[in-house]
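Keep in mind that what you see is a predicted model, and the values were worked out from it rather than measured. Every heavy atom of this structure was used, including side-chain atoms; hydrogens, water molecules and symmetry mates were not. Whatever order the structure lists them in is the order used to number ligands and atoms, beginning at 1.
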Amino acid sequence: MPTNLPPDYFNADKRYREAENLGDKIACLEEMISLVPKHKGTDKLRADLRRQLSKLKNEADSHKKHGAHPSAYHIEKEGAGQVAVIGPANVGKSALVAALTNAEPEISPAPHTTWKPLPGMMPVYNIQIQLLDTPPLDPVFTEPGLFDLVRKADLVVMVIDLEADPIEQYHASLEMLRSHRILPRDTVTNSPEQERFTIVPIIVVVNKCDDEISDENFSVLCELFEGECPLLPVSAESARYFDQLKIHIYEKLEIIRVYAKPPGEEPDLDTPFVLKKGSTIIDLARKIHRDFYEHLKSARVWGSTVFEGQLVQRDYLLADGDIVELRT
Ligand SMILES: Nc1nc2c(ncn2[C@@H]2O[C@H](COP(=O)(O)OP(=O)(O)OP(=O)(O)O)[C@@H](O)[C@H]2O)c(=O)[nH]1
Ligand SMILES: [Mg+2]
């Protein structure tokens, strides 16, 4: 056994052995792989773990084909991005997901209403983003699957409650994430210790900002929060600030919408291709079809170029809203 494996590795290993379903086993293995320090002495261990992981993933795929149920915490990504809505009990996570998406989670004044995650699709501009309602963050009741879900999400929306103790809720939630080696991207300092953490982009949302009076309380909260992180107000009940929240989610996902235009035809502006920010012509070609990727001869762009319909190179950096004509 190689030396200098961190204690967390053994915790993950223990959970891996105890895990009862494939989804949880895969998540634990992925965690273990991320925890093994990279040096010659661990080459064999890392190779063994990877082999095991690929075996389990194959098994999971064949289960899926035969209709077996994966973990409730494993939710297939759909749409332009997967956003985990997390936070303490009763802050209004389910109310927000219900108001912003087509999902119909149970909402109740009693804490711990939600017991398993539920997806819903939220329209933003002309695309759909997947929101996941989740059970509350709670030091006693939260299942490890919730942290796996957070690690895999493209973005986390942490909800706190203006009417409760939002500062305490924020710190407690952050601490729970940290104890599962998850850090908000904005707090990353590049210290060696943080190498073993999963870094996730997080938006902190203050719910129950229902009216002007709560806006004043929100301003006070922002002052107290100075130096921590930006806060976004919202009210699931009265739909206040929904547009602002949706745009913020879109921007934080760091995606762009690009429209393909067949030569000599109009572009279809209703169905964009969604790409990561920083994508190029060749990334778009790859996304559309293998043939385009392999046989791409030229590309013209309307939008971010100096001239309309300008000929560009394969490594041309695309921008949100660009219209692209690819020729093979
Ligand atoms: N005033 C006000 N109440 C809200 C708002 N959003 C939710 N609530 C109320 O807050 C309570 C909790 O809402 P839920 O959506 O069930 O909260 P949750 O975070 O999903 O709770 P758990 O599933 O227990 O974690 C309910 O009584 C809601 O009606 C809001 O924007 N304003
Ligand atoms: Mg709920």
Take Glu325 and Lys261, measure what salt bridge (Lys or Arg N to Asp or Glu O under 4.0 Å) needs, and give me the verdict at the end. CA-CA 5 Å; Glu325 182 186 270; Lys261 174 185 161 333; 3.0 Å; yes
Judging by distance only, is a nitrogen or oxygen of Ile107 under 3.5 angstrom from one on ligand 1? no
Does any donor atom in the side chain of Thr134 or Tyr73 lie under 3.5 Å from an acceptor atom in the other side chain? no
Between the side chains of Glu308 and Arg300, is the shortest nitrogen-to-carboxylate-oxygen separation below 4.0 Å, so that they form an ion pair? no
Give the intermediate values and the outcome of ring-ring contact (aromatic ring centres under 6.0 Å, His included) for residues Tyr125 and Tyr250. CA-CA 9 Å; Tyr125 299 129; Tyr250 175 81; 4.9 Å; yes
Checking the N or O distance criterion of under 3.5 Å, is ligand 1 in contact with Thr114? yes
Taking non-hydrogen atoms only, is Ala98 closer than 4.0 angstrom to ligand 1 via side chain, backbone, both or neither? neither
So which bit of Asn207 gets within less than 4.0 Å of ligand 1, heavy atoms only: side chain, backbone, both or neither? side chain
As a check for students: among Ala164, Ala99, Ser108, identify the option with a heavy atom nearest to atom 11 (C) of ligand 1. Ser108
Numbering the atoms of ligand 1 from 1, which are under 4.0 Å from a heavy atom of Asp210? 1 (N), 2 (C), 30 (C), 31 (O), 32 (N)
Just which atoms of ligand 1 are under 4.0 Å from any heavy atom in His112? 24 (O)
Does any N or O of ligand 1 fall below 3.5 Å from an N or O anywhere on Gly92, backbone included? yes
Does Thr113 bring an N, O or S atom to within less than 2.8 Å of the Mg ion (ligand 2)? no
Is the shortest heavy-atom distance from the side chain of Gln244 to the side chain of Leu232 under 4.5 Å? yes
Measure the acute angle between the ring planes of Phe147 and His180, then classify it against the limits of 30° and 60° as parallel, tilted or perpendicular. parallel
Of the options Val97, Val83, Asn102, Leu100, which is the one that meets Met122 in a side-chain contact (heavy atoms from CB on, under 4.5 Å)? Leu100
Closest protein heavy atom (residue, atom, distance) for atom 22 (P) of ligand 1: Asn90 N, 3.7 Å
Heteroatom test (N, O or S) for Thr114 near the Mg ion (ligand 2), limit 2.8 Å: yes
Would you mind finding which of Arg240, Glu163, Lys208 brings a heavy atom closest to atom 8 (N) of ligand 1? Lys208
Once you restrict to heavy atoms under 4.0 Å, what part of Pro111 touches ligand 1? Side chain, backbone, both or neither. backbone
Starting from atom 7 (C) of ligand 1, find the nearest protein heavy-atom neighbour and note its residue, name and distance. Ala95 CB, 3.5 Å
Do Thr113 and ligand 1 have an N or O pair less than 3.5 Å apart? yes
Verify whether one side chain among Ser214 and Asp211 offers a donor that lies under 3.5 Å from an acceptor in the other. yes
Looking at Asp13 and Arg17, is any side-chain nitrogen of the basic one under 4.0 Å from a carboxylate oxygen of the acidic one? yes
Which atoms of ligand 1 sit under 4.0 Å from any heavy atom of Ala236? 6 (N), 31 (O)
Counting both backbone and side chain atoms, is some N or O of Pro135 under 3.5 Å from an N or O of ligand 1? no
Heavy atoms, side chains only, cut-off 4.5 Å: are Lys152 and Glu30 in contact? yes
Ignoring hydrogens and geometry beyond distance, is a side-chain donor-acceptor pair present between Thr280 and Asp315 at under 3.5 Å? no
Around atom 3 (N) of ligand 1, find the nearest protein heavy atom and jot down its residue, atom name and distance. Glu237 OE2, 3.3 Å
Ligand 1 to Ser238 polar contact by distance, N or O atoms, under 3.5 Å: no
Spacing of CZ belonging to Arg181 relative to CZ belonging to Arg196, to within rounding of 0.5 Å: 9.5 Å
Tyr170 and Phe225: aromatic ring centres closer than 6.0 Å? yes
Heavy-atom contacts with Pro136 under 4.0 Å: which atoms of ligand 1 show up? List them by number with element. 25 (O)
What residue and atom, counting heavy atoms only, is the protein's closest point to atom 25 (O) of ligand 1, and at what distance? Lys93 NZ, 2.7 Å
Do any nitrogen or oxygen atoms of Ala89 come within less than 3.5 Å of a nitrogen or oxygen of ligand 1? no
